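Below: the structure, in structure tokens.
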Amino acid sequence: MSNIITITFPDASTREYESGINSLQIAESIGPRLAQDVVVSKVDGELRDLSYPIELNASIELFTGEAPEGHEVLLHSTAHLMAQAVKEIYPKAQVTIGPAIENRFYYDFDIDGTFSDKDLLRIEEKMHELANRGQIVTRKEMSRDDAITLFKKMGEHYKVEIIEDIDPGETLSAYQQSDFIDLCRGPHVPNTGEIKYFKLLNSSGAYWRGDEKNKMLQRIYGTVFSSKKSLKKYLNFLEEAKKRDHRKIGRELEIYIFDEEVGPGLPLWLPNGTIILDELEDLAKESERKAGYKRVRTPHLSKSSLYERSGHLEHYKDSMYPAMDIDGTEYYVKPMNCPHHHKIYAASPKSYRDLPVRLAEYGTCYRYEKSGQLFGLMRVRSMQMNDAHIYCTPEQFKEEFLDVCRMYLMYFEIFGIEKYMMRLSLHDPAELGKKYVDDSDLWIKTEKAVKEALDDGGFNYTEIPGEAAFYGPKIDVQVWSAIGKEFTLATNQVDFAVPGRFNLTYTNADGKDETPLCIHRAPLSTHERFVGFLIEHYAGDFPLWLAPRQVIILPVSEKVHDYGREIVNEMFEKGIRCEIDTRPEKIGAKIRQAELSKIPVMAIIGEKEVEARTISVRRRKIGDQGSIPLDDFISEILDEIKTRRHSYRKTE
RNA sequence: GCCACCGUAGCUCAGCUGGUAGAGCGACUGAUUUGUAAUCAGUUGGUCGGGGGUUCGACUCCUCUCGGUGGCUCCA
């Protein structure tokens with residue numbers, strides 16, 4: 001066996017080393033700085049500990065804590081460090097799982113009692129102490145049975161439970177630092193001294209294995225970075241995100257409120273918010289009209305039999321408001337519009353020539369969301385859906401489905417939404433007849449058709465098994481709130497089951513009855529959620545067409561109030577939302593107030609402007625734009641509104 | 001729903017170990033007639049989320065309840 005091996009680096013350069021060398025030694029041979037910063041390596045494409053001995057020729061990639069691979073290891077190692085600290089302070093605590101997540105890590109513990117903020121500080125202190133000790137982190141491989149024996153002896157019952165679920169033949173690994181041993185796949189940093197810049201963020205309850213039937217554990221979230229600067233930047237980002245939170249801006253800009261006496265999750269839309277909703281609806285009506293949708297309206301209540309037929313009572317009863325008894329019959333507040341639309345479809349006989357039938361309604365629905373689930377406008381109990389149902393033949397399906405997807409993209413373009421993820425939710429064969437309509441062939445056929453449509457349309461998407469609706473696969477568009485919470489913005493579902501239950505038919509060219517497919521779609525989500533999202537997306541700086549307050553006239557002195565009122569009237573006549581600030585304040589104060597209110601256009605008028613019939617334009621965040629004739633100003637504003645132009649952005 | 005934390009004026013917040021509440025902004029009034037992010041002065045404003053209890057005395061302690069926040073779980 002040759003003692004010399006060749007190591008290939010990502011840039012294709014090579015170096016020779018003695019067999020058995022590890023990544024840390026290789027880093028040292030390149031430079032002391034790299035040796036200091038390197039956290040983990042990839043050997044032949046596999047992430048490995050720095051101490052992993054390399055026996056044969058290999059390709060190697062070294063990662064510092066700045067690289068995503070390195071950061072993840074750092075996060076994970078810090079989770080271990082936290083667990084070690086917790087075990088030292090609370091010897092009776094049992095450790096469970098502690099993974100790295102995006103920019104953060106957490107660890108769940110089973111302890112008596114809970115963690116207070118003070119406890120977190122104490123744990124954090126302990127962590128610094130343990131980190132500074134420079135404990136060497138070593139990897140130990142063992143058989144599954146040995147692992148069970150070891151963790152049983154340690155009294156770590158959750159770990160034993162985890163191991164017992166692993167295949168008997170597998171070799172497991174554990175990492176040890178001082179007396180602390182944790183089952184872990186690794187890799188980890190070689191020394192706890194590498195962990196310097198961390199902070200524990202918050203604690204919460206978390207069910208063991210995420211199942212509310214299980215015991216509630218105590219979870220601690222924290223974060224770590226490879227430099228003080230990065231940590232600070234991240235903490236700062238969290239602070240900035242809070243400023244964009246739609247709940248904060250929604251209150252500041254008087255968009256919506258919740259009232260204790262009205263009830264949780266039941267928003268009241270203030271005049272400013274209603275303007276935004278109206279604009280969104282105008283956009284939706286306009287684009288749906290052009291796309292051949294017909295608008296319908298349906299009641300808020302229906303008999304229970306309707307939802308029995310649709311299957312919703314069977315599948316979603318827990319999320320519906322309880323039934324009310326009316327003249328001895330059970331009625332439900334509607335949790336969705338589809339059954340009503342099915343009835344409208346069925347109201348007259350359809351031929352294949354009538355299809356596709358596209359029915360749209362911004363119907364208000366009510367869903368009983370668990371109290372802990374409510375989240376500002378993003379998760380509410382009363383909601384208006386940007387809803388429509390498309391009934392089509394199997395031949396028409398692909399094109400209809402794609403048209404819906406294209407409609408999302410058109411909206412995203414209008415709103416400047418760039419960060420999103422498309423998710424295709426598929427059924428789980430094991431759940432057929434339980435969670436899902438029991439028709440395996442139809443599921444497979446439909447899912448294939450959806451995938452084909454998406455592929456042909458050139459869409460990128462991720463497949464998620466076991467997340468489909470009970471009646472068919474669905475496409476969700478996922479976005480993230482300012483504080484990083486993921487949620488579904490647009491949704492598009494294929495329904496091959498419910499039309500049959502409603503006996504919906506169309507007569508085909510051969511004169512025979514067939515059941516149409518139904519596409520459920522809500523590209524603008526619920527209007528509540530969409531507005532919540534937009535508030536954060538724009539950080540309250542709405543583009544002109546959406547801005548509740550579009551133009552404010554700021555008179556330099558009272559002498560020009562008449563001219564100002566004249567402008568307001570003229571703009572009002574043209575449909576521009578314009579107001580005038582007649583407070584006896586100096587112009588600087590009026591500007592400041594307008595800026596804080598995020599009014600996009602300020603029109604400053606003084607005696608010069610009166611004389612020349614001009615206005616001095618100041619765009620929010622842009623500043624003074626100079627004087628222009630009043631008529632030009634009005635037509636510019638109108639054009640910007642009409643074309644729904646993007647807002648000016650500070651950083652662009 | 002579960003775990004933790006929080007709840008003082010329209011908003012943001014102060015109020016030490018119990019002695020019946022303060023500031024800034026806002027709003028209002030008056031003066032100022034102002035040129036691109038705060039003119040000055042005055043006035044207004046709270047049964048300290050609500051109920052019950054402990055205490056001579058509760059914003060402060062206990063308890064129940066309502067609401068919010070961070071998570072867990074779920075989302076047609």
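Letters A, B, ... are given to chains in the order of the sequence lines, protein chains preceding strands, and every chain is numbered from 1. Note that the structure is a prediction, hence the values are computed from the model and not measured.
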Take the protein atom CZ of Arg219(A) and the nucleotide atom C1' of rG70(B), then report the distance between them rounded to whole Å.
12 Å
Is it the case that rG35(B) (base atoms only) and Glu609(A) (side chain only) share a donor and an acceptor within less than 3.5 Å, ignoring hydrogens and angles?
yes
Using the P atoms only, state how far rG42(B) lies from rC48(B), rounded to an integer number of Å.
29 Å
Using 30° and 60° as the class boundaries, would you call the ring planes of Tyr321(A) and Tyr368(A) parallel, tilted or perpendicular?
perpendicular
For nucleotides rG70(B) and rU17(B), find the distance between their C1' atoms and express it as a whole number of Å.
30 Å
Asp624(A) has a side chain; which of rA37(B), rA76(B), rU36(B) sits nearest to it?
rU36(B)
If pairing requires Watson-Crick or G-U wobble contacts with both distances under 3.5 Å, which nucleotide is the partner of rC40(B)?
rG30(B)
Tell me: CG of Leu238(A) to C1' of rG70(B), nearest whole Å?
12 Å
Do we see a donor-acceptor contact under 3.5 Å between the side chains of Tyr471(A) and Gln493(A)?
yes
Looking only at atom C1', what distance separates rC13(B) and rC56(B), rounded to whole Å?
33 Å
Answer yes or no: is there a donor N or O on one side and an acceptor on the other, between the side chain of Thr223(A) and the main chain of Asn103(A), under 3.5 Å?
yes
Report the C-alpha separation of Met127(A) and Thr78(A) in whole Å, then their side-chain angles, then the decisive distance to 0.1 Å, and conclude whether the side-chain contact (heavy atoms from CB on, under 4.5 Å) test is met.
CA-CA 9 Å; Met127(A) 286 168 70; Thr78(A) 312; 3.7 Å; yes
Evaluate the ring planes of Phe530(A) and Phe533(A), with Trp represented by its six-membered ring, and classify them as parallel (under 30°), tilted (30 to 60°) or perpendicular (over 60°).
tilted
Would the distance check show the side chain of Lys590(A) and the main-chain N or O of Pro555(A) forming a donor-acceptor pair, the cut-off being under 3.5 Å?
yes
Is a side-chain N or O of Arg521(A) found less than 3.5 angstrom from the main chain of Asn386(A), in a donor-acceptor match?
yes
Of the nucleotides rA37(B), rA76(B), rG35(B), which has the atom closest to the Ile604(A) side chain?
rG35(B)
In whole angstroms, how far is the P atom of rC25(B) from the CZ atom of Arg592(A)?
10 Å
Distances under 3.5 Å between protein N/O atoms and the N/O atoms of nucleotides 26-33 of chain B, please, pair by pair.
unit_1: rU33(B); atom_1: O2; unit_2: Glu558(A); atom_2: N; d: 2.8
unit_1: rU33(B); atom_1: N3; unit_2: Glu558(A); atom_2: OE1; d: 3.0
unit_1: rU33(B); atom_1: O4; unit_2: Glu558(A); atom_2: OE1; d: 2.3

What's the CG-P distance between Asp581(A) and rG35(B), to the nearest Å?
15 Å
Check the phosphate of rA37(B) against Lys590(A), side-chain N and O only, distance under 4.0 Å to OP1 or OP2. Yes or no?
no
Looking across every strand, which nucleic acid part, if any, lies under 4.0 Å from Pro555(A) by heavy atom: base, sugar-phosphate, or nothing?
nothing
Find every protein N or O atom lying less than 3.5 Å from an N or O atom of nucleotides 64-67 of chain B, and list the pairs.
unit_1: rC66(B); atom_1: O2'; unit_2: Glu260(A); atom_2: OE1; d: 3.3

Paired with rG35(B) by Watson-Crick or G-U wobble geometry, both distances under 3.5 Å: which nucleotide is it?
none
Could you state the OH-C1' distance from Tyr321(A) to rC75(B), rounded to the nearest angstrom?
14 Å
Find the distance Tyr366(A):OH to rC75(B):C1' and express it as a whole number of Å.
19 Å
Base, sugar-phosphate or nothing for Phe375(A)? Non-hydrogen atoms, less than 4.0 Å.
sugar-phosphate
Does rC5(B) have a Watson-Crick or wobble mate here (both distances under 3.5 Å), and if so which one?
rG68(B)
Name the residue closer to the 5' end of RNA chain B, choosing between Arg618(A) and Arg104(A) according to the nucleotide with the nearest heavy atom.
Arg618(A)
Under the side chain to side chain contact (heavy atoms under 4.5 Å, CB included) test, residues paired with Met320(A) that sit two or more places apart:
Tyr307(A), Leu313(A), Tyr332(A), Pro335(A)
Return the polar atom pairs (N/O with N/O) between nucleotides 1-4 of chain B and the protein under 3.5 Å, or none.
unit_1: rG1(B); atom_1: OP2; unit_2: Tyr368(A); atom_2: OH; d: 3.4
unit_1: rG1(B); atom_1: OP2; unit_2: Ser371(A); atom_2: OG; d: 3.0
unit_1: rG1(B); atom_1: N7; unit_2: Gly372(A); atom_2: N; d: 3.2
unit_1: rG1(B); atom_1: N2; unit_2: Tyr207(A); atom_2: OH; d: 2.7
unit_1: rC2(B); atom_1: O4'; unit_2: Tyr207(A); atom_2: OH; d: 3.3
unit_1: rC2(B); atom_1: O2; unit_2: Tyr207(A); atom_2: OH; d: 3.4
unit_1: rC3(B); atom_1: O2'; unit_2: Gln218(A); atom_2: NE2; d: 3.3
unit_1: rC3(B); atom_1: O2; unit_2: Gly205(A); atom_2: N; d: 3.2

Base, sugar-phosphate alone, or nothing: which one does His312(A) contact when heavy atoms must sit under 4.0 Å apart?
base
Using the ring centroid of each side chain, check whether His389(A) and Tyr345(A) are separated by less than 6.0 Å.
no
What contact category does Tyr471(A) fall into here, base, sugar-phosphate, or nothing, at under 4.0 angstrom with non-hydrogen atoms?
sugar-phosphate
Taking pairing as Watson-Crick or G-U wobble with both contacts under 3.5 Å, can you name the mate of rU17(B), or confirm there isn't one?
none
Do Ser597(A) side-chain atoms and Ile599(A) backbone N/O form a donor-acceptor pair below 3.5 Å?
no
Say we look at rU32(B) and rU36(B): how far apart would their P atoms be, to the nearest angstrom?
22 Å
Output the single nucleotide from rC11(B), rA76(B), rA38(B) whose closest atom is nearest the side chain of Arg251(A).
rC11(B)
To the nearest Å, how far apart are Ile220(A) CD1 and rG71(B) C1'?
13 Å
Under 4.0 Å between any heavy atoms, over every strand shown, what does Tyr316(A) touch: base, sugar-phosphate, or nothing? Just pick one.
base
Quick one: on RNA chain B, does Asp245(A) or Gly210(A) contact a more 5' nucleotide (nearest heavy atom)?
Asp245(A)
rU69(B), OP1 or OP2 - any side-chain N/O from Arg247(A) closer than 4.0 Å?
yes
Pair listing, salt bridge (charged side-chain N to carboxylate O under 4.0 Å, His left out) test, anchored in residues 250-263 of chain A, at least two apart
Lys248(A)-Glu252(A)
Arg619(A) bridged to Glu595(A) by N-O distance under 4.0 Å:
no
Indicate yes or no: does Glu536(A) engage Arg529(A) in a salt bridge with an N to O separation below 4.0 Å.
no
Results of side chain to side chain contact (heavy atoms under 4.5 Å, CB included) for Glu486(A) - residues two or more places apart only
Arg423(A), Gln478(A), Trp480(A)
Between rU34(B), rC72(B), rA76(B), spot the one nearest the side chain of Tyr221(A), thanks.
rC72(B)
Let me know the distance between CD of Glu467(A) and P of rU73(B), rounded to the nearest Å.
12 Å
Side chain of Arg379(A) only, heavy atoms from C-beta on: which candidate in rU36(B), rC74(B), rC72(B) is closest?
rC74(B)
Provide the distance between the two C1' atoms, one in rG71(B) and one in rG10(B), to the nearest whole Å.
31 Å
